[in-house]
Amino acid sequence: GDSVTQMEGPVTLSEEAFLTINCTYTATGYPSLFWYVQYPGEGLQLLLKATKADDKGSNKGFEATYRKETTSFHLEKGSVQVSDSAVYFCALISNTNAGKSTFGDGTTLTVKP
Amino acid sequence: DTEVTQTPKHLVMGMTNKKSLKCEQHMGHRAMYWYKQKAKKPPELMFVYSYEKLSINESVPSRFSPECPNSSLLNLHLHALQPEDSALYLCASSQLGGYTFGSGTRLTVV
């Protein structure tokens, strides 16, 4: 079946540091890939997405590139802010799984001033 | 309107109570979902509605009963819940991939 593996957290960074959160996946067919962010006490928000190989999703300074050869979709940001502190979930939707999303376990990011 | 609205935001109920969670979206999305999320865990799919018909039930206990009165509304009826059902319940909708989530209902069963 489909699966998503995220780097284990928590991740703690200083403000303006570079962020990478690794995400790799296993899926049949050609999945679409997503990053969601969840701030404390909130629901999940779609951060960015990519629907085919070599696509780059970007939003709010975050980027991720769909790498089919390495089955990866790593999240990056050049300079994090305290307000980026949240839980980040990598997810996929495979066209062979009735359109259901498969989520990674989430990575908690804390940014300190 | 690009939001999914869930009410109530917080709910405390006894094990003999009956309550309902509500979800509304006006984006014209034809797929709607209920998820359950425990602390520090990813969301777990409960139900999927597609074009107002139940298409997926992930073996959820019958004390949870979903309902889709129309294309904009989704309800989750709760009855005789257990303390382990305490969680954040999230509604989501989608069209062409990627979900829009509501802020959730924080449910506590006492």
Side-chain angles (χ1 to χ4, degrees), chain A residues 1-6 8-11 21 23 25 27 29-52 55 57-59 64 66 73 86-110, chain B residues 2-10 21-25 27 29-51 53-60 74 76 87-108:
Chain A
D2 298 342
S3 68
V4 175
T5 302
Q6 289 182 233
E8 291 189 16
V11 174
I21 300 178
C23 171
Y25 67 89
Y30 300 95
S32 295
L33 302 175
F34 306 86
W35 277 101
Y36 292 89
V37 58
Q38 186 172 31
Y39 299 102
E42 297 286 326
L44 280 70
Q45 298 176 26
L46 179 62
L47 183 58
L48 52 84
K49 67 178 182 181
T51 58
K52 62 183 187 297
D55 269 1
S58 61
N59 186 24
Y66 189 144
F73 193 55
V87 181
Y88 292 81
F89 291 97
C90 184
L92 67 83
I93 295 178
S94 169
N95 56 9
T96 60
N97 194 21
K100 295 190 292 186
S101 271
T102 300
F103 288 88
D105 285 341
T107 301
T108 300
L109 170 66
T110 302
Chain B
T2 58
E3 290 185 346
V4 173
T5 302
Q6 289 189 244
T7 56
K9 290 195 179 302
H10 300 275
L21 309 185
K22 296 186 183 302
C23 173
E24 189 168 5
Q25 59 92 10
M27 295 175 283
H29 290 175
R30 303 318 297 263
M32 296 185 74
Y33 310 78
W34 280 115
Y35 279 86
K36 173 183 178 180
Q37 187 181 28
K38 290 282 204 178
K40 301 188 183 301
K41 296 291 187 183
E44 299 171 31
L45 183 64
M46 300 175 72
F47 302 104
V48 180
Y49 272 83
S50 179
Y51 290 87
K53 295 198 184 307
L54 183 65
S55 60
I56 296 175
N57 176 341
E58 292 285 283
S59 303
V60 178
L74 189 64
L76 185 63
L88 180 67
Y89 288 84
L90 294 166
C91 175
S93 68
S94 74
Q95 186 99 337
L96 302 178
Y99 292 179
T100 301
F101 281 88
S103 294
T105 294
R106 177 76 59 188
L107 174 67
T108 303

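Convention: sequence-line order gives letters A, B, ...; per-chain numbering from 1. Keep in mind it's a predicted model, so treat the numbers as computed, not measured.
- In this structure the side chain of B/Tyr35 reaches within 4.5 angstrom of the side chain of A/Ser101, judged on heavy atoms.
- From B/Ile56, atom CD1 reaches atom NZ of A/Lys100 across 5.0 Å, with rounding to the nearest 0.5 Å.
- What you find for A/Gly104 and B/Pro42 is that their closest heavy atoms are O-CB, 3.3 Å.
- The shortest heavy-atom contact between B/Leu88 and A/Glu42 is CD2-O, 4.1 Å.
- Using a 4.5 Å cut-off between heavy atoms, B/Glu44 makes no contact with chain A at all.
- Nearest approach of A/Leu46 to B/Tyr99, heavy atoms of both residues: CB-O, 3.9 Å.
- For B/Gln37, the part sitting under 4.5 Å from any heavy atom of chain A is the side chain, from C-beta outward, and nothing else.
- Contacts between A/Leu44 and chain B at a heavy-atom distance below 4.5 Å involve backbone atoms as well as side-chain atoms.
- For A/Glu8, the CD atom sits in a loose shell: 12 or fewer heavy atoms of surrounding residues, nucleotides or ligands are nearer than 6.0 Å.
- Neither the backbone nor the side chain of A/Tyr39 comes within contact range of chain B, judged by heavy atoms closer than 4.5 Å.
- More than 12 heavy-atom neighbours from other residues, nucleotides or ligands sit within 6.0 angstrom of NZ on B/Lys38.
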